[in-house]
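Computed over heavy atoms, backbone and side chain alike; hydrogens, waters and symmetry mates excluded. Chain identifiers are assigned alphabetically (A, B, ...) following the order of the sequence lines, protein sequences preceding nucleic acid strands; residue numbering begins at 1 within each chain.
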Amino acid sequence: MTEALHGDLDLDVEGPADVTERILAAVDQDRWGGDDVRDRLHARLEEAGIDHPTRPAMSKLTHDQMDLLVDLLEGFETRHDLLQWQQDLVIQTVGQLEDSWYSRTAANAPTVSALLGEPWGTTKEMPPALAREVRRGIAAQDLLPAFHAGHEVARWAAVERVDHLDDDADDDEIEPIDPQAQQYPLMRPAFGELHGQQEAALSDLLEGFEAPEDLLAWAHRVTSASYAQIERETVTAPYFETPLRERLLGTAPTGEDRFIRESWACEYLLPAFNRAADALGKRAQEVTAARGFRAETGDGSIT
Amino acid sequence: MSSKTPPADVAGTDDEEYSMLEVVQDPDLLRERVEEVDAPGIERTRQLTGDERAHTIGENLRRAFGFRTWSNVLEDLERMNHPAIEDGTHPIVHHPRAFLDHLIHIDDLDKLRLEHDDLSGLSKPRRELFRWLQEHPEIVQELRIGGTDWGAFGPKGSGKSTMAISLMIRHLEINPDAVVWRGSPARAEWLPLRAWTRLCLPAGLDVDAVLDPPSDTMDPIEIDLEEMVHEVVRYDSIRELNHEVLQEGMFHVVYPDPKFRGATRAFREADEIQEIEHISAWDVKRSDEDDLTPQDVTPQEMWWFAWAIDKIDHGPPIWVSLLADEIGNWMPEHASNDYHRLYDRISAFRDKYVDARRNKFSVFGIGHDPEDLASLVRKKQRWRITLAGADNPTGDTTGMGEAPMNRNYTNRMQLGQALSWNSQHFADFSWSDVPSKFKVPGQLHLRFPEVQEVLGGC
């Protein structure tokens, strides 16, 4: 999916081709961004009639995907953030990207540089304007098609809810479902569970383990977090390959340790997570479950 | 679900590498903390860009302080289960007169907007508030037109300033108010809002700003005000301040003019009150032959009477909300005319007070005890807030008629909770603490050194 992108990246960064330069010049750099961009985009989704929809699960998915799109366009602080974002992406695309996309995106030096907005690995230079263009390229080339594919998978199972529009309903005050207040991705608890497990497994790996026993217990958790879609040999490899094991032990990683942990995550963990989300695809049940933030208002909090 | 917040290991920015204990022991760190906090995204607000689609200062502040949007708060208050009331709304919503009435500022035009469903031109949070109000016509009925007021009282450490900050942020979010915080030389409880502050200082006078660190062993630290606040603006006279300087939707901290420019004129040109003069240090210096002495110099806090009177009688038709910290010091009970005709000044202000409402002027005061505040003014205040640590009255009160509470509610409250009430209804409310990065340890003192120099030369 990233052929075109790689085409871009093969450009000599010192002197981009005229076309790229013209595109970059035409973009008003100040029109995008800001800490209110999310609010604006979500508000625009609401204004577009997505709020209180008849299929709130799809609307929830749209809103969540919008956040991921903004994350990508804004770029990432660290490769660690990038991996966490990828894990979220696995869920919100219902595993519809290619497995190899995850390793490519988090390991290819020019791509990572563009995502971080600064030189990384063998890439020695990354002008901000080019980085932005590449991030937009990834959004257009990979992300939006994957969102599309995610919708295609999820749409048939989305429950239609029309009671709040029914004048004849017995109970006259049926509240419409607020998609943005829903707790689970796609309003499906199974996805929430998978997301939680994957999030924890990824952060445990990046943080490191105190003892080899912790590493083994983690390997077992990964099996569940990947819906057994990780190969049996892969999940135990970090234990048996002694040099790798050394890199994963210790909670005060050096820069090199971190690099290796992150690389292992994008090479093996995320593709397995991706297959898990794909496998879960159409099977998960939908429920309404609001996020539990209301407790705080018990005393009439005005903040 | 998205990864909006960076993980802990990358969130550690420079200023979080030091603990507060380290900060208060190092003058450079302390100065950095005071001067270098910024307001993320303020440059893209509607007030600074003029772009009506952009978010407002109020929204920007609300977000930086981690508050939910006001419409979310209302929604949650509505869905609350209250043990005593069947329909399950919080008293704030159930008794709009107790709290919402003084918070939500509307004028005649706004009532028409609501009736005719024309919300164009309003900021997003105000538009959402109005939409909510349209669904609750019974609440709109209870909202009075024009400026409001309250006196909030509680002992030291009861969270008065934090409450005031929370409420002022809400005013900026949902109302078009120009908020004015009464600056005084020794107290600066507004500091958590410094990155959003338009600091209004009298023109042509040097200002000394020093921070008194909490540690006794450390010398006071000079502070660069330009660095610390969003903007320093100078005003030439009271009228200019009201007409040219104050802006709706912005947060201002105003320090009185020791030269009292335009102050006597404010009294002279106001209807139905007698003129009261103001004497500055410069007047004393000039009057070699008269018998003015340094003791005749009008105390600076008395400038506020002139300012408020001029806003009410000759101010522009914008919403202005004054937050007066230590209101009992400004308008004390048992004020005497022997002291710079203080009683007459309070009385003049009281006489103008009835017009404040119509002129979109709101006065909010905080203090230790209602008894400290001149009863002339107390009788005019329509709402009162009793904070945790003070007992709410249950019977007759001065100015508020008979209190609607039949027992003591506030004695069981904790820090960050209070009761807002008028003569008919009451509602409890609470607020969260100021994010620690905006807090400033120590006290800021702001003085005009020339005043002392001039007096020294007399």
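- Residues of residues 130-139 of chain B never come closer than 4.5 Å to chain A when only heavy atoms are counted.
- Partner A:Asp39 forms a side chain to side chain contact (heavy atoms under 4.5 Å, CB included) with one of B:Glu59, B:Arg63, B:His55 and no other, that one being B:Arg63.
- Residues A:Ser301 and B:Arg68 share a closest heavy-atom pair of O-NH2, 3.4 Å.
- The local environment of CD in A:Glu210 is sparse, with at most 12 non-hydrogen atoms from other residues, nucleotides or ligands closer than 6.0 Å.
- Here the shortest heavy-atom pairing between A:Ile302 and B:Leu167 reads CD1-CD2, 3.7 Å.
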Q: Kindly determine whether A:Thr303 and B:Ile169 satisfy side chain to side chain contact (heavy atoms under 4.5 Å, CB included), including the steps that lead there.
A: CA-CA 10 Å; A:Thr303 53; B:Ile169 291 174; over 6 Å; no
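- Every residue two or more places apart in sequence or in another chain that forms a ring-ring contact (aromatic ring centres under 6.0 Å, His included) with A:Phe209 is listed here: A:Trp218.
- Atom CZ of B:Arg412 is surrounded by 12 or fewer heavy atoms from other residues, nucleotides or ligands within 6.0 Å.
- If you measure heavy-atom distances from B:Phe99 to chain A, the contacts under 4.5 Å come from the side chain alone.
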